[in-house]
Novice: 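Following this message is one structure expressed as C-alpha cells.
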Number of protein chains: 2
Amino acid sequence: MALEHAILVSLAEKSASGYDLARRFDKSIGHFWKASHQQIYKVLARMEGEKWVEAHLVEQTGRPDKKDYAITGEGRDELRRWTTEATPPEALRSEFAVKVRGMRFGDRDAVVDGIRNRRDEHRSKLDYYLADSAKNFSEPTSLPAELAGAYLVLRGGIRAEQTGLEWCEEMLNYLDSAARSDR
Amino acid sequence: MALEHAILVSLAEKSASGYDLARRFDKSIGHFWKASHQQIYKVLARMEGEKWVEAHLVEQTGRPDKKDYAITGEGRDELRRWTTEATPPEALRSEFAVKVRGMRFGDRDAVVDGIRNRRDEHRSKLDYYLADSAKNFSEPTSLPAELAGAYLVLRGGIRAEQTGLEWCEEMLNYLDSAARSDR
DNA sequence: ATTCCCATGTAATTAGTTACATGATTCG
DNA sequence: CGAATCATGTAACTAATTACATGGGAAT
C-alpha cells in the first residue's frame with residue numbers, strides 16, 4: 001500500500017492538485033510507480049481523513065476550480081517513519097517473461113515479434129532517460145544533496161532499460177541462430 | 001489477468017495439483033510471477049469452468065486426496081492464442097525506488113541500510129540463478145528447442161539481478177562519498 | 001510436544017481497473 | 001467543428017492479500 005507514500009513524497013516535493021499528481025504519475029515519479037487519476041482521488045480523500053494532507057480550494061476563472069493538496073506535519077512524520085521501515089521485495093509479475101517461457105506452446109514468430117517490440121520500447125525509454133540525465137544531472141559529483149534521490153533513481157531507470165534492451169537483443173540473437181540451424 | 005496464462009504454461013509443461021502449482025509459484029515460474037495458493041485455487045476453479053483445464057481426483061493413502069489438473073485442448077488453444085497477443089508494458093511499482101527518491105524527507109541512514117539489504121538480496125538471488133544456469137544450461141548452444149524459453153527467461157533473471165546489484169553498489173558508493181564530503 | 005508437510009478451500013477486505021459522467025476553454 | 005486540456009469525481013467490477021479453517025502423518 002505504497003501509493004499513499006508515493007503521493008506523500010510527491011507532495012513533500014511540491015503541493016499539487018489531484019490532477020497535477022495524475023500528470024506527475026504519468027511522468028517523473030510515474031516511471032517507477034503507476035497510478036490512475038481515479039485511484040489518486042480515492043487515496044487523496046483517505047489521506048485527508050488521516051490528516052496526512054490538507055486541501056485548499058483554489059478558485060480559478062476560465063477553468064475549473066481545483067483543490068491544492070499540501071502535506072501536513074503528520075504527513076511528514078508518517079513519511080519519515082515509512083523510510084525507516086524495511087521494504088519488502090517487490091512481487092514480480094512479468095507477463096512478458098511468462099510468454100517467453102511459454103513460447104514453445106504458442107506462435108514462435110509472434111513471440112519473436114513481441115520481443116522486437118519490447119526491445120524498441122526499451123530503446124526509446126532509455127533515450128528519454130538519457131536525455132533527462134544529460135539535461136538535469138550533467139555534473140552528478142556536484143549535486144545538491146536534495147537531488148541525490150532523484151538522481152539515483154534515474155540511474156536505476158537507465159540501468160534497467162539498458163539491461164532490458166540487452167536481454168531482448170540476446171534473445172533475438174539466440175532465436176535467430178536457432179532458427180538458422182533448423183534449416 | 002495473466003495468472004491464468006502462467007498456470008496454463010505450467011500445466012502444459014506438466015500436470016499438477018493446486019498445491020504443486022503453489023510450490024512451483026514459489027520457485028521456477030514464481031521467479032517472475034508470484035501467486036499465493038488461495039489465488040491459485042480460485043483461478044483454477046474458474047479455469048475448470050472455462051474448460052481450459054480438467055481435474056482428476058487422485059486418492060491417496062496416508063495423505064490427503066488431491067486433484068490433478070491437466071491442460072485441455074481448449075486450454076492449449078487459448079495458450080497459443082495468447083502468445084499472439086501483444087504484451088502490454090508492465091506497470092512498474094517499485095516501493096524501493098520511491099523510498100530512494102524520498103530519502104531526503106526521511107531517515108537517511110535507514111534508507112542506506114535498506115539499500116544494503118537490497119544489495120544482499122540481489123547477490124543471493126544472482127548466486128541462485130547462476131547455480132541453476134550452471135546446472136541446467138551449461139551448454140546453451142546445443143539446447144533442445146523446448147528448453148529455449150526457460151533458458152532465455154533465466155538469462156533475463158541473471159541480467160536483472162546483476163543490474164540491481166550494480167545499481168545498489170553505485171548508490172552506496174555515491175551516498176558514501178557524499179557523506180564524506182559533508183565532513 | 002511441536003512443528004513441518006501435504007492438501008484444499010472460504011470469507012473479508014483492500015487495491016486497482018474500466019467505464020461512465022460533467023462542463024468550460026483553448027487550439028488546430 | 002472536433003479534439004485536447006483542465007478538473008473532479010462515482011459506480012461496477014476484477015484481482016489480490018490477509019485471516020481463518022481443517023486434519024492426518026512424519027520428523028525433531
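Numbered from 1 within each chain, the chains take letters A, B, ... in sequence-line order. Hydrogens, waters and symmetry mates are skipped; everything else that's a heavy atom, side chains included, is used.
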Novice: Roughly how many Å is it from CD in B:Glu90 to P in C:dG16, rounded to a whole number?
Specialist: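 Whole-Å distance recorded here is 17 Å.
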Novice: Using a strict heavy-atom distance below 4.0 Å, which residues from residues 9-30 of chain B are in contact with DNA chain C?
Specialist: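 Within this stretch, B:Ser17, B:Gly18, B:Tyr19, B:Arg23 sit under 4.0 Å of the strand.
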Novice: Quick one: do the B:Glu78 and B:His5 side chains pair a donor with an acceptor below 3.5 Å?
Specialist: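 Checked: B:Glu78/B:His5 side chains pair up, N/O donor to acceptor below 3.5 Å.
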Novice: With distance as the sole criterion, is a donor-acceptor pair present between the side chains of B:Asp127 and B:Ser124 under 3.5 Å?
Specialist: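 No - no donor-acceptor pair under 3.5 Å links their side chains.
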Novice: To the nearest Å, give me how far apart OH (A:Tyr69) and C1' (D:dA7) are.
Specialist: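 Going from A:Tyr69 (OH) to D:dA7 (C1'), I get 11 Å.
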Novice: Assign a letter to each nucleotide of nucleotides 17-28 of chain D from its 5' end: B, base within under 4.0 Å of a protein heavy atom; S, sugar-phosphate only; -, no contact.
Specialist: BBBB--B-S---
Novice: Choosing from C:dG16, C:dT8, D:dT8, which nucleotide comes nearest the side chain of A:Lys66?
Specialist: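 Shortest atom-to-atom distance from the side chain points to D:dT8.
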Novice: Parallel, tilted or perpendicular, judged at 30° and 60°: which one describes the rings of B:Tyr151 and B:Phe137?
Specialist: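 Aromatic pair B:Tyr151/B:Phe137 classed tilted.
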Novice: Is B:Glu90 salt-bridged to A:Arg118, going by a charged N under 4.0 Å from an acidic O?
Specialist: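 The answer is yes: the pair qualifies as a salt bridge.
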Novice: A:Ile40 CD1 to D:dA7 C1': how many Å, rounded?
Specialist: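 Spelled out: CD1 on A:Ile40 to C1' on D:dA7 is 13 Å.
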Novice: Could you give the CG-to-C1' distance, from A:Asp65 to C:dT25, as a whole number of Å?
Specialist: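 Rounded to whole Å, this separation is 14 Å.
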Novice: Hey, does the side chain of B:Arg119 reach the backbone of B:Cys168 with a donor-acceptor pair shorter than 3.5 angstrom?
Specialist: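 Between the backbone of B:Cys168 and the side chain of B:Arg119 there is no qualifying donor-acceptor contact (under 3.5 Å).
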Novice: Got a sec, which residues hit salt bridge (charged side-chain N to carboxylate O under 4.0 Å, His left out) with B:Glu50, two or more places apart in sequence or on another chain?
Specialist: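 Not a single residue meets the salt bridge (charged side-chain N to carboxylate O under 4.0 Å, His left out) criterion with B:Glu50.
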Novice: Is there a donor-acceptor pair under 3.5 Å between the side chain of A:Thr83 and the backbone N or O of B:Asp107?
Specialist: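 Pair found, side chain donor or acceptor close to backbone of B:Asp107.
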Novice: Measure up the A:Trp167 and A:Phe96 rings against each other and bin them: parallel (under 30°), tilted (30 to 60°), perpendicular (over 60°).
Specialist: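 Correct class here is perpendicular.
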Novice: Counting only side-chain nitrogens and oxygens, does A:Tyr41 get under 4.0 Å of the OP1 or OP2 atom of D:dT8?
Specialist: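 Answer is yes, contact under 4.0 Å.
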